[in-house]
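Each remark here refers to the structure printed beneath this line.
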Amino acid sequence: MRRGRALPYLLLLPGLLWLVLFFLAPAVQLAATSLYDPAGSLTTGYAMTWSFGNYPDAVAAYGAQLGRSFGYAGLATLAALLLGYPLAYVIALRAGRWQNLLLVCVVAPMFTSFLVRTLAWKTVLSDSGAVVGLLRDLHLLAPDGRLLATPVAVVTSLTYCYLPFMVLPLYASLQRLDPRLLDAAGDLFARPGQVFRRVTLPLSMPGVVAGTLLTFIPATGDYVSAELLGTPNEYMVGNVIDAAFLVRLDYPQGAALSVLLMAAILVLVVGWLRRSGPTELG
Amino acid sequence: MATEEPFHGPGPGEPAGALRLVDLTMRYGDVTAVDRLDLTVPAGSFFALLGPSGCGKTSTLRMVAGLAEPTGGRILLDDEDITRLRPYRRPVNTVFQNYALFPHLDVFENVAFGLRRRRQPDVAGQVRRMLSLVALDGYERQRPSQLSGGQQQRVALARALVNRPRVLLLDEPLGALDLALRRRMQLELKRLRAEVGGTFVHVTHDQEEAMTLADTVAVMNAGRIEQLGTPAELYEFPATAFVATFLGRSNLLAGRVYGRDGDDLLVQAYGRRFSVPSARARADSGEVLLGVRPEKVRLVDTPEQVPAGHQWLDGTVGEVGYLGVSTEYSVRTGAGVELSVFAAADGEAPRIPPGTPVVAHWHPRHAFLLHGGSTFRDAGTAAPPPVPPPPVPLSAGPE
Amino acid sequence: MGSRFGRFVADHWVLAVAALVLGYLLLPVAVVAGLSFNQPSSRLSYDFAEFTLDNWRDPCAGPGMCAAVLRSVQIGFVATAVSTVLGTLMAFALVRHRFRGRAVVDLLVLAPVATPEVVLGTSLLALLVAAGIPQGFWTVVIAHVMFCVSFVVVTVRARLSGMDTRLEEAAVDLYASEWQAFRRITLPLVLPGIVAAALLAFSLSFDDFVVTNFNSGTTVTFPMYVWGASQRGIPPQVNVVGTAMFAVALLMLAATRRARPAGARRGGKAR
C-alpha cells in the first residue's frame, strides 16, 4: 500500500508536542531551577548562578529522608513481589473460569480514590482496631504498642498502593507461560519446587522486572502514605519536596531534591535492567 | 460513486477476464521476490501458480490484487493496464490465506461487504443466493468465530465471488484445512467454478491440489516460471529438473548426449547407453539429465526377462516402503545410481525382500531428457523436493 | 494419611496465600464502604461508631465536597478526551508506520510512566512559575493529559498490534477505500482498546493527587479536597464518593467486557 511519508509524523505531532512542552521542557526547567541562587525568593525572583552547592546542601539537610525513601520503597517492592507473585500465579495458572473476576478484584480498588483508601488504613491500623488488638494479644506488640505513626504503617500502605502494578505484569508474563512446559519439567523428574525455580520463575522474569519497576519508582516518590499514616520521623523525600515547593517556597532546594530523586532512580533502574534483562514493558 | 468504477463485473454469461503479466518484477531491498515474470492467464481458465514457499507466488498474487506494488512491469486485465489502479478499483477479488473474515461482522455482513461498498442493488437477495450456493443458508447471523474451518472457508469464497470478479484470486485457500476437508473443499471449489464461471488464479504449494483443480498450472521457482501447461503435460514431460522433482518424483540420471539414431538421441550415463525419443528431449547435446518416473520403471529378476526395446540397469533392492496402493523399492544399481521404483500393489507380484538382485527396466518413450544443471550433476535419483511429495505418485492423464 | 495431608497442603498453600493477598487488596475498599455508613463520634475519629444512612442520603452535606467532585469530573472529561485522541494517533503511527526516530518517540512516550509523580509535578510547576503562567483549572488539565497520553499509547498500541492487517487488505480488496476500510474495519476492531484507554485515562485523572497538588493553584479537585480535609477531619461523605467510584468502576469493567464481540478478542485469527 502506498503511504505518505509525512503521515506518521503528522499523527505523532500533537502528542509529541505535548510531551515536549509539558514533560521534557519542564524537566529541563527543573534542572535549571535546582541551580538557581538559593538566596532568591518567589517574590524577588531567582537568579541563575549555577549554584551546584544546592545539591550538597540539600543532601546535608535531607539525606535522611532521601535514604528513607529508597529504604521504604525497597521494602515495599520486596513485600509486593512476595505477596503479588502467589496471587498472579494463581490468577494466571490456577484460577480457571474465575480468572476474569480475580483480575477485576485486583484492578477495581485502583478506581477508588487513592487518598480515601490510604485513609482507610488509618481505620484498619488504629490503636483501638482489631489488628492492633490481635497483635497485642499475641504479644507481638507491647500492650501500649501502636502501628499508626510507625514505619510499619507507612510500608504497609506503600505496598498496598502499588501491589496491583506488581500483580498485573507478573500475571501477563505468567499467563503466556505454556502449561505444557511445566508438565514437561515434571515429566523430566523435576519436583514442584524445582519446576518453579528452574522453569516458572526464569520465564516470568520479564514480569518480575516490570513489576518491580512499576512498584519501586512511584513508591520512592510517594509522600501521601508517610504524611497520612506516619509522623515527621517517617517522612520521605516527597514530603520534603512538597514542603519546599508549597510551604517553605524554597524552589532551588526542592528542585535539587527532585533532580536527586530522579537521578538516583535512573541509576538504580539502569543497574537493575542491566542485571535482569528484558522487561514486560517492551 | 458510479464514476469511480471503471469496470462492471461479469454477469452470468459475461466473459471472464484475461490476465496478462508483462515483465512483472518485485524487489524488497536486495531480495527479488518476482523476477521479470511474463504470464498469460486466458479468460475463463482455472489457473494454478504452484511453487514452494518463498518462490514469489503470493507476491505475484498480491500485485494482481493491488495489495503490493510492483517494482517494475505491467499488469493487464483484458488489455486494460491496471498496474497502478488502487485495489478497490480493480474488478479482482481475493480469497485470503486464513480467510481474513471480519470478526466483528456476521456472515451476512461479511458477504455483503463488497456489494455495499459498490452500492449494488438487492444486496440481501444476492447475498442469500450466494450463501445458498456455498450451502450456508441459515448461517447469516453467525459470527465467523462460531463457524468451523470449512464453513469459514466457504464464507471467504462467497464474500469474494458475490462480487462476480473478473478474476478471482485464491491464496492457499485450503492450506488451513485438514486433509479430508481439503479434498472435500477441492470438489466444492470445482463445482462452484462450474456454476459461477470466471477466471480463477489459485496459488498453492500443494501439487496435488494444483493438478486436481487447475486446467493450467504454472510452476514457479525463485521468482520465475519454470514451466506452464496442463497438469498432464507438466507431469509427463517436465521442462526442468525442478519441475520433474517438485511435481511428483523422478529418477534423474546425469549423462551426456553422444549421438543420434534416427528419431532417438543416444545418451551415455554411468557407463551405460540409453536412448530417448528426440520428441521427449529438452536438450539434444552436451550434459543432460535422463529422467524417468518411478512408476514407469519395472523390476524383473534377470536381463533375459527385460522386454524387447526396453532399457535397463541391474542392481539390488535396498529399502522397501509399503505405501498401500503401491510398494516403493529403492534399487542400488551396479552403475552406482539409486533408482526409485513404484510397483503397483495389484496382488499379482510378491513383495521383493531387500537384498534381492533385480533388473530395473523402462520403455524409452517413458523417459525424458533435460538440460544437465550443475546442481543435478551427481544426482543419481530424485533430488529431495522442497516440499515432501505425497506418498502415492499421481496418475496424471493417459500415457 | 499424613502424606496425603502433606500433598494437599503442598497443592493448595499457594491458593491460601493468594486468597489472603486478595483480602489485603480488598480490605481498604471494604473499610471505605463500611465507613460510608458511619456516623463518626468526632471529626478526627477514623473508627466505626454508629450505623447511619445519612451520608448516602445527602452526600453533599460536607461543605465544598460536591463542588470538588464536579471539578474533578470536568477535568477528567477534558483530559480524557484530549489524551485519548493524542495517544490513539501516536499508537497508530507507532504500530502501522515505519519511520526514522522511532526509538526516540518510544522513549519519550515511556518516560513519564517511569518518572515519579512528585518529579512530574514539581517540573511542571517550575516551568509554569518561570514562564509566569498562573496555576488553575487548565494547568491541571495540561498536567493530566501529559501523564495520561503515555498510558493511552500503551493500551491502544497493544490492541492495534494484535490486529491482523490482512483484514484491512481484505476490505480494500472488497472495494472499500482506505478511509472506508479504516472506519468499517480498523476502528470497530480497535475501539475496545480505545475505550479501555479512555477509562484508564479518566480514572488516572480523576484520582490524581500529587501532580495536581503542585499545579492546581486554588482549584480544588476531589483528591485535593480529601487532602485538605485529612488535616481538619474527614467528613464521612468522602467514603460515599469512594464507594460510589468503586461501584461505577465495577459497572464499567463489566460493561466493557460484555460489549466486546466474541470474535474480536483474538484479532480475527480464525482457526
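Per chain, numbering begins at 1; letters A, B, ... match sequence-line order. Just the heavy atoms: all of them, side chains too, but no hydrogens, waters or symmetry mates, feed the values below.
Using a 4.5 Å cut-off on side-chain heavy atoms (C-beta onward), A/Phe23 and C/Thr115 make contact. Under the 4.5 Å side-chain criterion, counting only non-hydrogen atoms from C-beta, C/Val118 is not in contact with A/Asp222. Counting heavy atoms from C-beta outward, C/Glu117 and A/Tyr223 have side chains that stay 4.5 Å or more apart. Side-chain atoms of A/Trp18 and C/Val82, non-hydrogen and from C-beta on, do get closer than 4.5 Å to each other. Residues A/Phe111 and C/Val248 have side chains not in contact (no heavy-atom distance under 4.5 Å, counting atoms from C-beta outward). A/Leu19 is listed as a side-chain neighbour of C/Pro112, based on a closest heavy-atom distance under 4.5 Å. With a 4.5 Å cut-off on side-chain heavy atoms, A/Leu10 and C/Leu89 do not count as touching. Looking at heavy atoms from C-beta onward, C/Leu25 lies in side-chain contact with A/Leu87 at the 4.5 angstrom threshold.
Both the backbone and the side chain of C/Leu15 come within less than 4.5 Å of a heavy atom of chain A. Looking at C/Leu250, only its side chain comes within 4.5 Å of chain A, counting heavy atoms on both sides. Both the backbone and the side chain of C/Val109 have a heavy atom closer than 4.5 Å to some heavy atom of chain A. Only the side chain of C/Phe209 comes within contact range of chain A, with at least one heavy atom under 4.5 Å from a heavy atom of that chain. Contacts of C/Leu27 with chain A are made by side-chain atoms alone, with heavy-atom separations under 4.5 Å and no backbone atom involved. When heavy atoms are compared at a cutoff of 4.5 Å, A/Tyr251 approaches chain C solely by way of its side chain, counted from C-beta outward. Looking at C/Ala19, neither its backbone nor its side chain comes within 4.5 Å of chain A, counting heavy atoms on both sides. Only the side chain of C/Phe222 comes within contact range of chain A, with at least one heavy atom under 4.5 Å from a heavy atom of that chain. Using a 4.5 Å cut-off between heavy atoms, C/Leu120 contacts chain A through its side chain alone, with no backbone atom that close. Looking at C/Asp208, there are no atoms closer than 4.5 Å to chain A (heavy atoms on both sides), in backbone or side chain.
Between chain A and the options C/Leu125, C/Val149, C/Leu200, C/Thr88, heavy-atom pairs under 4.5 Å are most frequent for C/Leu125. Across C/Phe206, C/Phe147, C/Trp227, C/Phe202, the residue that shares the most heavy-atom pairs under 4.5 angstrom with chain A is C/Trp227.
Among all heavy-atom pairs drawn from C/Tyr24 and A/Thr156, the shortest one is OH-O, 2.7 Å. When all heavy atoms of A/Thr112 and C/Met245 are compared, the pair lying nearest together is C-CE, 4.0 Å. Scanning all heavy atoms of the two residues, the minimum distance from C/Pro223 to A/Leu115 falls at O-CD1, 3.0 Å. Nearest approach of C/Thr122 to A/Ile241, heavy atoms of both residues: CG2-CG2, 3.4 Å. Contact detail for C/Ser123 and A/Ala27: the closest heavy-atom pair is CB-N, 3.9 Å. Minimum interatomic distance between C/Pro116 and A/Gly221 (heavy atoms only, all atoms of both residues): CB-CA, 4.0 Å.
Annotation: the span from C/His97 atom NE2 to A/Leu11 atom CG amounts to 5.5 Å, rounded to 0.5 Å. To the nearest 0.5 Å, atom CG of residue A/Leu119 and atom CD1 of residue C/Ile234 are 4.5 Å apart.
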